[in-house]
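Here the structure is a predicted model, which means the values were calculated and not measured.
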Amino acid sequence: MEERGTGTESELVSIPATPRGISTPETVTPPAVPFSGTATLGGGGGSNNNSKSWTPTGPGSLMISPRFLSPSAGGGSATPVKRVLVNLRGYLEEVGHLTKLNPQDAWLPITESRNGNAHYAAFHNLTAGIGFQALLLPVAFSFLGCAEVCVSAGRSWGIICLTIAYFWQLYTLWILVKLHEAVPGRRYNRYVELAQAAFGERLGVWLALFPTVYLSAGTATALILIGGETMKLFFQTVCGPMCSPNPLTTVEWYLVFTSLCIVLSQLPNLNSIAGLSLIGAITAITYTTMSWVLSVSQSRPPSVSYQPLKAASSTSSIFSILNALGIIAFAFRGHNLALEIQATMPSTFKHPAHVPMWRGAKVAYLLIALCLFPIAIGGFWAYGNLMPSGGMLSALYIFHSHDIARGLLATAFLLVVFNCLSSFQIYSMPVFDSFEAGYTSRTNRPCSVWVRSGFRVFYGFISFFIGVALPFLSSLAGLLGGLTLPVTFAYPCFMWVLIKKPQRFSFSWYLNWSLGILGIAFSLAFSIGGVWSMVNSGLKLKFFKPN
């Protein structure tokens with residue numbers, strides 16, 4: 001982790017950082033006027049050098065004598081000093097509190113602009129929370145089983161597991177939203193910072209760094225693979241028999257998609273990509289809905305079956321189920337971006353950032369539920385255990401490429417491409433932030449346009465290289481779901497206990513310890529199931545040989 005902030009930092013008022021090019025002064029110094037009362041250090045809870053702060057103990061801690069604030073004191077109109085004090089108190093109540101901010105935060109992509117709102121939160125959470133992983137849910141159902149008609153009296157372990165996972169991750173998202181400002185005057189703007197506050201400086205990095213880096217950089221690489229392959233399918237669907245005898249290879253399509261990602265990544269900060277997140281959210285909702293509607297509207301394959309896939313032994317069956325549960329866990333990624341999204345919002349005592357963040361998140365996850373459950377149920381109903389490992393798009397292409405109008409198929413593929421382009425931006429932003437944090441810490445100045453652009457071009461082509469070298473990466477959903485599961489299901493519960501310190505043996509204490517321990521156990525079990533699935537299915541690790 002890069003240590004952010006060097007030297008003695010000046011006292012600043014906690015107002016949203018302004019974007020580059022705006023002449024609003026960064027330092028606002030209130031008038032030097034006498035007041036009674038003392039300010040206390042707002043500390044505790046780990047080291048967070050880029051958000052060191054001191055605050056009054058609360059909004060009412062700045063105790064200004066009433067006789068100074070009364071306009072009629074002394075029998076006359078308010079004096080200039082009295083008017084200044086009244087205005088100062090109102091200003092401090094509106095802004096929130098005095099803090100000692102690290103100016104470096106105003107230079108980094110995540111905290112450069114703090115003009116976010118509930119709408120932006122909904123767009124970002126939708127794009128981060130739904131995507132290509134939703135298309136794999138019917139694959140998981142084929143191992144867990146589902147009643148032929150899911151509204152009948154028959155049990156559905158797939159639906160039960162998906163429902164439990166949905167409400168579990170919604171609870172841990174609420175925890176992260178609340179812990180963003182768990183200490184007065186301090187904001188944990190990044191997931192690793194909160195992990196350090198809860199688990200300690202070193203242990204927090206070791207526990208949170210790998211899964212969050214994978215969920216950012218690894219997801220971006222998987223998006224290049226899926227986006228490039230879908231662009232190839234779109235081209236083949238559109239041109240049909242008129243295709244060129246020498247079409248682009250898969251690697252060349254990866255390169256085309258990567259180039260588009262690099263162009264879009266030049267947008268400077270997280271707030272500036274809100275429009276892209278809106279496009280990503282709309283396209284995700286549309287193509288997930290199209291995929292299950294098109295599937296259930298066609299006749300089912302004659303040999304379809306809804307019994308769980310048979311395994312050679314009971315051990316194999318157990319591992320298959322664990323791998324399927326890992327796929328369900330992987331469908332709920334995005335918590336590694338929750339704190340970063342909330343960091344883009346202004347926060348005061350009167351208007352804390354958790355209010356618009358939670359409002360936007362509730363809307364986003366309601367829409368996510370309306371996408372995930374129908375595609376899982378409808379996809380499994382349409383194809384049963386004939387569902388290919390590639391998910392819904394592969395099933396549509398294999399079973400109905402001649403039954404569905406080419407225009408509809410091409411539209412679905414194009415929407416997936418747009419969604420992957422948008423998702424790449426939000427998942428890459430924490431990596432851009434880390435690059436620029438290292439640069440600004442060493443040089444003590446913001447990145448120039450050329451340096452920032454260079455970082456993003458470098459990252460895009462590194463992701464492309466990894467995608468070409470490891471073309472099987474998108475096939476490891478079960479394993480990767482197990483490895484990254486603690487970020488969503490376990491760590492937030494432990495963080496709540498260690499930071500909020502609920503009363504020992506209370507309901508909250510039992511609930512969070514139980515969910516945290518259960519999440520770690522599931523992570524280990526799902527990871528083992530993912531490894532077994534790779535071995536059992538004969539996954540060939542063909543390096544530098546994409547299909």
Side-chain angles (χ1 to χ4, degrees), residues 45-46 125 128-129 133 140 160-180 182 188 190-216 218-219 321-342 361 365 368 430 476-502 504-531:
N125 277 288
Q133 76 282 0
I160 292 171
C161 295
L162 185 61
T163 303
I164 292 173
Y166 175 78
F167 285 104
W168 188 348
Q169 61 86 34
L170 195 62
Y171 171 67
T172 56
L173 178 64
W174 176 83
I175 287 178
L176 291 175
V177 171
K178 288 294 187 180
L179 291 182
H180 179 82
Y188 297 108
R190 296 157 184 89
Y191 195 99
V192 176
E193 291 176 8
L194 184 60
Q196 288 179 288
F199 304 120
E201 186 78 23
R202 291 187 178 180
L203 183 60
V205 173
W206 279 105
L207 290 177
L209 189 59
F210 168 75
T212 54
V213 166
Y214 171 74
L215 283 171
S216 293
T219 300
I321 291 173
L322 291 176
N323 182 59
L325 293 174
I327 293 175
I328 291 177
F330 187 58
F332 295 106
R333 80 213 201 290
H335 283 45
N336 61 305
L337 295 170
L339 296 171
E340 285 80 352
I341 294 170
Q342 194 168 344
Y365 276 85
I368 287 172
L476 310 181
L479 172 62
L480 300 176
L483 293 176
T484 58
L485 181 145
V487 171
T488 300
F489 294 96
Y491 291 164
C493 300
F494 292 137
M495 291 172 180
W496 183 265
V497 173
L498 296 173
I499 294 177
K500 286 294 189 178
K501 300 186 185 328
R504 193 176 179 85
F505 305 123
S506 64
F507 174 77
S508 176
W509 188 88
Y510 275 118
L511 175 66
N512 287 287
W513 273 114
S514 300
L515 291 178
I517 294 172
L518 197 60
I520 295 297
F522 281 157
S523 176
L524 295 174
F526 297 171
S527 300
I528 294 172
V531 171

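- Annotation: the span from I328 atom CD1 to N323 atom CG amounts to 10.5 Å, rounded to 0.5 Å.
- Taking CG of L325 as the start and CZ of F330 as the end, the distance is 15.5 Å to the nearest 0.5 Å.
- Residues satisfying the side-chain contact (heavy atoms from CB on, under 4.5 Å) criterion with F507, sequence neighbours excluded, are L511.
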Result block: side-chain N/O donor-acceptor pairs under 3.5 angstrom for residues 485-498, not counting sequence neighbours:
residue	atom	partner	partner atom	Å
T488	OG1	F332	O	3.3
Y491	OH	L207	O	3.0
W496	NE1	S508	OG	3.4

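- Listed by chain and residue number, N512 satisfy the side chain to side chain donor-acceptor pair (under 3.5 Å) test with Y171 (two or more places apart in sequence, or in another chain).
- Using a 4.5 Å cut-off on side-chain heavy atoms (C-beta onward), I341 and N125 make contact.
- Interatomic distance, OG of S514 versus CH2 of W509, reported as 8.5 Å (0.5 Å rounding).
- T172 is linked by a side chain to side chain donor-acceptor pair (under 3.5 Å) to H335, counting only residues two or more places apart in sequence or in another chain.
- Taking each heavy atom of T484 and P211 in turn, the nearest pair found is CG2-O, 4.1 Å.
- Side-chain atoms of Y188 do not come within 3.5 Å of backbone N or O of L176 as any donor-acceptor pair.
- Partner L339 forms a side chain to side chain contact (heavy atoms under 4.5 Å, CB included) with one of V192, L179, V177, L194 and no other, that one being L194.
- A 4.5 Å side-chain heavy-atom check between N336 and S216 finds at least one atom pair inside the cut-off.
- Rounding to the nearest 0.5 angstrom, the gap separating the CZ atom in F210 from the CG atom in L215 is 9.0 Å.
- Atom-to-atom distance recorded for Y191:OH and H180:NE2 is 14.5 Å, nearest 0.5 angstrom.
- Applying the side chain to side chain donor-acceptor pair (under 3.5 Å) test to E340 and every residue at least two apart in sequence or in another chain returns nothing.
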